[in-house]
Amino acid sequence: MSAVPSAALCRYYSREAVGSALVATIGNVNPRHAIDLGSGPGCLSSAIAERWKKCQIITVDIDAYVQTEIAGGRGRHNHYILDALDPELPYHLLDSHHKVDLAVSNPPYGSVAKFKGAAEILSAAGLPKIRNLSAECGAEIVFLGQSLRLIRDGGQAGLIVPDGLITGRAMCDLRMALATQHTIDAVVQLPRRSFLRTEAQAFILMLSKIPGGRRPIVLKKYDADGTIFPPIYLNPREAFRRLDYDFHAQQGLFEQSIRLGDLGVEIVRGILNSAQRTDGAFHTSDFPEKPGRIFLPGSKGEDSVSKHSAKTGDILLARIHRNLERKVCLVAGGTAVLTDCVYRIRAPLKLRGRLFKFLRSPAGQLALASVARGTGARMISKSELLNLQIPLLS
């Protein structure tokens, strides 16, 4: 095996606070043996050693350049330079009759699309085949499968995972399998910038190797200032949809609400891609800095006024952007063809002003952010937008 510098492995090492948050999420257990896959410098395993003074800890990392050090772990810590993605990993580390009580991991952010062992690991873990595996499978999915293979029946696994596993539609079957074949104990939404060198949204996923469906999933959220939001208790049958705190908190935000799709609105996605974009086409970079009114360059008589164009009275919204909830404007005049990164919302005249006022308000921005998906640049699907819950516009 050749050593590879950490920069080539998509590493975003955990801050100490994230390691402490993960360990704090673990219930009232007393693990005798724990394993940390992709341990890096040892933030997660150090938090384990601090909480459970007698726990024997195994750390595994492929990077020979990284020194995994555990404070207070002398005499009860063994480190291995091995590939956590190796299908044979359990046989290298453990006696088949003595699996660990706890597995933790902060998997690297990166695709393993060309990794031939992914399907083998998921199958050995009893997880469903991921549709379109070659395009969708991130390292966190394989680390999850390895963790389930390494823990005993009744054991626990805690992973720090990106947004896709928690909210992505391609992961619906996997989330449902975790909630029924096992037990999802908790999902904790972490603040952005919880990791060095990235603003990606991350979550703590805590599960037990126990047949699921018997107790609610606890959804939690930590804010950047240390605020802990009140927990939400989710029926495991709802796990297939999404598991992020913001989405489910928004579902009960208003005493009386209605789906955007039930207001008689027409939502159309722009048609031009980046290569087809011409002068005068409206793109995400053309939104005003603050949500407001905008005048478009075209005139009423131009041929560009089509199904995929905007005109006076239309509400425009970014379909994909890092801060899409703030990309909202009302066309006050003119016309423009739209790129495929922009939605056009055409609402009945009597509702248009009130709908725009809501979408540009803090509550509206929170509602939009809650239904967006994605690790970096986020996206809202048309179906999620149609299902957006908004207060009754009286």
Open item on the list: Pair His77, Ser45 - check side chain to side chain contact (heavy atoms under 4.5 Å, CB included), show working.
Closed with: CA-CA 9 Å; His77 170 218; Ser45 41; 5.8 Å; no

Task: Note, Arg322 side chain near Lys327 side chain (heavy atom, < 4.5 Å) - done: no

Task: Main-chain N/O of Glu325 paired with Arg378 side-chain donor or acceptor, under 3.5 Å - done: no

Task: same_hphob_cluster(Leu89, Tyr80) at 4.5 Å side-chain heavy-atom cutoff - done: yes

- [ ] Measure the spacing between NE2 of His321 and NE2 of His283 and express it to the nearest 0.5 Å.
- [x] 8.0 Å

Task: Beyond-backbone contact of Val18 with Cys43, side-chain heavy atoms, under 4.5 angstrom - done: no

Open item on the list: Using only atom types and a distance under 3.5 Å, with no angle test, would you say the side chain of Asp86 pairs donor to acceptor with the backbone of Glu88?
Closed with: yes

Open item on the list: One pair to check against side chain to side chain contact (heavy atoms under 4.5 Å, CB included): Leu22 and Met206. What are the steps and the verdict?
Closed with: CA-CA 8 Å; Leu22 187 152; Met206 184 62 58; 4.1 Å; yes

- [ ] Give, for atom CZ of Arg76 and atom CD1 of Ile48, the distance between the pair rounded to the nearest 0.5 Å.
- [x] 10.0 Å

TODO: Kindly check if the number of other-residue, nucleotide or ligand heavy atoms within 6.0 Å of CD (Gln56) is above 12?
DONE: yes

Task: Partner of Val187 by side-chain contact (heavy atoms from CB on, under 4.5 Å), out of Leu205, Ile204, Ile232, Thr25 - done: Leu205

Open item on the list: Main chain of Leu165, side chain of Arg175: is a donor-acceptor contact present, judged purely on distance under 3.5 Å?
Closed with: yes

Task: Exercise: identify the closest heavy-atom pair between Lys209 and Leu148 - done: NZ-O, 2.7 Å

Task: Which atom of Ile320 lies closest to which atom of Leu324, heavy atoms considered - done: CA-CD2, 4.4 Å

TODO: Indicate yes or no for a side-chain donor-acceptor contact from Asp61 to the backbone of Gly40 under 3.5 Å, with no hydrogens or angles considered.
DONE: yes

TODO: For Val328 and Phe287, run side chain to side chain contact (heavy atoms under 4.5 Å, CB included): C-alpha distance rounded to whole Å, both residues' side-chain angles, the deciding distance at 0.1 Å, then the answer.
DONE: CA-CA 7 Å; Val328 181; Phe287 280 92; 5.5 Å; no

Task: salt bridge (charged side-chain N to carboxylate O under 4.0 Å, His left out) partners of Arg259, counting only residues at least two apart - done: Asp262

Task: Straight-line distance of Leu37 CG to Leu159 CG, nearest 0.5 Å - done: 8.0 Å

Task: Test item: Pro291 and Gln365 side chains (from C-beta on) under 4.5 Å apart, heavy atoms - done: yes

- [ ] Using the rule that two of Ile, Leu, Val, Met, Phe, Trp, Tyr join whenever any of their side-chain heavy atoms come within less than 4.5 Å, decide whether Leu234 and Leu207 are in one cluster.
- [x] yes

TODO: Search all heavy atoms of Leu272 against all heavy atoms of Val337 and return the closest pair with its distance.
DONE: CD1-CG1, 3.6 Å

- [ ] Decide yes or no for Val331 and Lys311: does some side-chain heavy atom of the first lie under 4.5 Å from some side-chain heavy atom of the second?
- [x] no

Open item on the list: For a 4.5 angstrom cut-off between non-hydrogen side-chain atoms, does Ile184 reach Leu243?
Closed with: yes

Open item on the list: I'd like to check Phe143 versus Pro108 (side-chain heavy atoms, cut-off strictly below 4.5 Å). Are they in contact?
Closed with: yes

Open item on the list: Give me the atom names and distance for the closest heavy-atom approach of Leu330 to Gly313.
Closed with: CD1-O, 3.6 Å

- [ ] Taking atom CZ of Arg51 as the centre, report whether more than 12 heavy atoms of other residues, nucleotides or ligands fall under 6.0 Å from it.
- [x] yes

Open item on the list: Return the CD to CG distance between Glu140 and Asn106, rounded to the nearest 0.5 Å.
Closed with: 10.5 Å

Task: Donor-acceptor contact present, side-chain Ser123 to main-chain Ala119, <3.5 Å - done: no

Task: Test item: His33 side-chain N/O and Leu102 main-chain N/O as donor-acceptor pair under 3.5 Å - done: no

Task: Between CG on residue Leu44 and CD1 on residue Ile57, distance to nearest 0.5 Å - done: 10.5 Å

TODO: Count the heavy atoms belonging to other residues, nucleotides or ligands that lie under 6.0 Å from CD1 of Ile271, then report whether that count exceeds 12.
DONE: no

- [ ] Go through Met171 and Ile141 one step at a time and tell me if the side chain to side chain contact (heavy atoms under 4.5 Å, CB included) criterion holds.
- [x] CA-CA 10 Å; Met171 297 293 112; Ile141 308 299; 3.7 Å; yes

Task: Polar side-chain atom of Gln156 near backbone of Ile26 as donor-acceptor pair, under 3.5 Å - done: no

TODO: May I ask you to decide if Asp340's main-chain N or O and Arg319's side chain share a donor-acceptor pair within less than 3.5 Å?
DONE: yes

Open item on the list: Taking Lys307's backbone N and O only, do any of them form a donor-acceptor pair with Arg344's side chain (distance below 3.5 Å, no angle check)?
Closed with: yes

Task: Common cluster, Val100/Leu93, ILVMFWY with side-chain heavy-atom separation under 4.5 Å - done: yes

- [ ] State plainly whether one hydrophobic cluster holds both Phe356 and Leu386, where clusters connect Ile, Leu, Val, Met, Phe, Trp and Tyr through side-chain heavy atoms under 4.5 angstrom apart.
- [x] yes

Open item on the list: For Arg152, I'd like to know if atom CZ has over 12 heavy atoms of other residues, nucleotides or ligands within 6.0 Å.
Closed with: yes

Open item on the list: I'd like to check Arg149 versus Ile121 (side-chain heavy atoms, cut-off strictly below 4.5 Å). Are they in contact?
Closed with: yes

Open item on the list: To the closest 0.5 Å, what do you measure between CD1 (Ile35) and NZ (Lys99)?
Closed with: 12.0 Å

Open item on the list: Between Met379 and Ile166, is there shared hydrophobic-cluster membership here, with clusters defined by ILVMFWY side-chain heavy atoms closer than 4.5 Å?
Closed with: no

Task: Partner residues of Leu260 under the side-chain contact (heavy atoms from CB on, under 4.5 Å) criterion, sequence neighbours left out - done: Leu263, Val265, Ile267, Leu355, Leu385, Leu388, Ile390

- [ ] Heavy atoms only: give me the nearest Tyr343-Lys382 pair and the separation to one decimal.
- [x] OH-N, 3.0 Å

Open item on the list: Show the nearest heavy-atom pair for residues Thr312 and Ala332, with the distance to one decimal.
Closed with: CG2-O, 3.8 Å

Task: Arg215 side chain reached by Ser208 side chain, heavy atoms, under 4.5 Å - done: yes

Open item on the list: Taking the cut-offs as 6.0 angstrom to the six-membered ring centre and 45 degrees off its axis, would you call Lys221 and Phe229 a cation-pi pair?
Closed with: yes

Open item on the list: So does Ser370 get a backbone contact from the side chain of Gln250, meaning a donor-acceptor N/O pair under 3.5 Å?
Closed with: no

